[in-house]
Amino acid sequence: MSEKTKKLIKFNKAFDIPIRKKPTLLDSKDYNLKYNLLKEELNEYYQGCVNGDIVEVSDAIVDMLYVLYGIVVQHGLSNIIDDMFDEVHKSNMSKLENGKVLRRTDGKILKGSEFFKPNLKQYMD
């Protein structure tokens, strides 16, 4: 478990936010709150970029990470999230096509023929 995840567990304890030990879905009130918090921070990030304010950009990025780590803890993924991240990283690296990057015109990286979908279910059992 990462140090940041441990800090969010401490935060959740202090602020009486559920900490779950196994993968769990949230009720609509909780997931809507998380969704809205992330939208708010994403908008702050965008405004920081538009305004050329790296401090505002940095604040928004850190706040998004804080919310995301909190989501990990609340969903009961603390003990498996690092392994899941590694699995997604391997999958993302498989997007290369013969060692080359394929991109859409807007810059989004596309999936090459060697792409494989990450197997996250293996960590749930």
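Heavy atoms only: backbone and side chains are in, while hydrogens, waters and symmetry mates are out.
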Are any non-hydrogen side-chain atoms of [X] and [Y] less than 4.5 angstrom apart?
X      : Y      : result
Ile109 : Leu102 : no
Arg20  : Leu26  : yes
Lys13  : Lys10  : no
Leu120 : Val88  : yes

For [X], give me all partners under side chain to side chain contact (heavy atoms under 4.5 Å, CB included), at least two apart in sequence or on another chain.
X      : result
Thr105 : none
Lys39  : Tyr35, Asn36
Asp82  : Ser2

### Query
Counting distance only, does the side-chain N/O of Asn12 pair as donor-acceptor with the main-chain N or O of Ile19 below 3.5 Å?
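Judged by distance alone, no pair lies under 3.5 Å.
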
### Query
Taking Ser58 for the side chain and Ile54 for the main chain, is one N or O donor matched with an acceptor at less than 3.5 Å?
yes

### Query
Are more than 12 heavy atoms from other residues, nucleotides or ligands located less than 6.0 Å from atom CE of Met1?
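Yes, enclosed.
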
### Query
Is the number of heavy atoms from other residues, nucleotides or ligands within 6.0 Å of NZ (Lys95) greater than 12?
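Enclosed: over 12 neighbouring heavy atoms sit under 6.0 Å from NZ of Lys95.
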
### Query
How far apart are the C-alpha atoms of Glu56 and Gln47, what are their side-chain angles, what is the distance that settles it, and do they pass the side chain to side chain contact (heavy atoms under 4.5 Å, CB included) test?
CA-CA 8 Å; Glu56 186 177 344; Gln47 285 304 310; 3.7 Å; yes

### Query
Can a salt bridge be assigned to the pair Lys29 and Asp27 using a cut-off of 4.0 Å between side-chain N and carboxylate O?
no

### Task
Kindly state each residue pair satisfying ring-ring contact (aromatic ring centres under 6.0 Å, His included) with at least one member in residues 80-118, sequence neighbours excluded.
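Sorted result for residues 80-118: empty, none.
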
#### Entry: hydrophobic_cluster_shared for Met124 and Ile81, side chain cutoff 4.5 Å
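Ile81 and Met124: one cluster.
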
### Message
I'd like to know if Val62 and Leu37 are part of one continuous hydrophobic network [Ile/Leu/Val/Met/Phe/Trp/Tyr, side-chain heavy atoms within less than 4.5 Å].
### Response
no

Side chains of residues 64-80: which donor-acceptor pairs under 3.5 Å do they make with residues two or more places apart or in other chains?
from	atom 1	to	atom 2	distance (Å)
Gln74	OE1	Lys34	NZ	3.1
Gln74	NE2	Asp30	OD2	3.4
His75	ND1	Thr24	O	2.6

### Message
If I compare all heavy atoms of Glu41 with all of Ala60, which pair ends up nearest, and what's the gap?
### Response
O-CB, 3.5 Å

### Task
Rounded to the nearest 0.5 Å, what's the gap from CD1 on Ile17 to CZ on Phe11? Could you check?
4.5 Å

#### Entry: From CA spacing to verdict: salt bridge (Lys or Arg N to Asp or Glu O under 4.0 Å), Asp106, Arg104
CA-CA 5 Å; Asp106 65 358; Arg104 267 190 340 209; 2.7 Å; yes

### Message
I need the full list of side chain to side chain donor-acceptor pair (under 3.5 Å) pairs touching residues 112-121, with sequence neighbours left out, sorted by first then second residue.
### Response
Glu97-Ser113

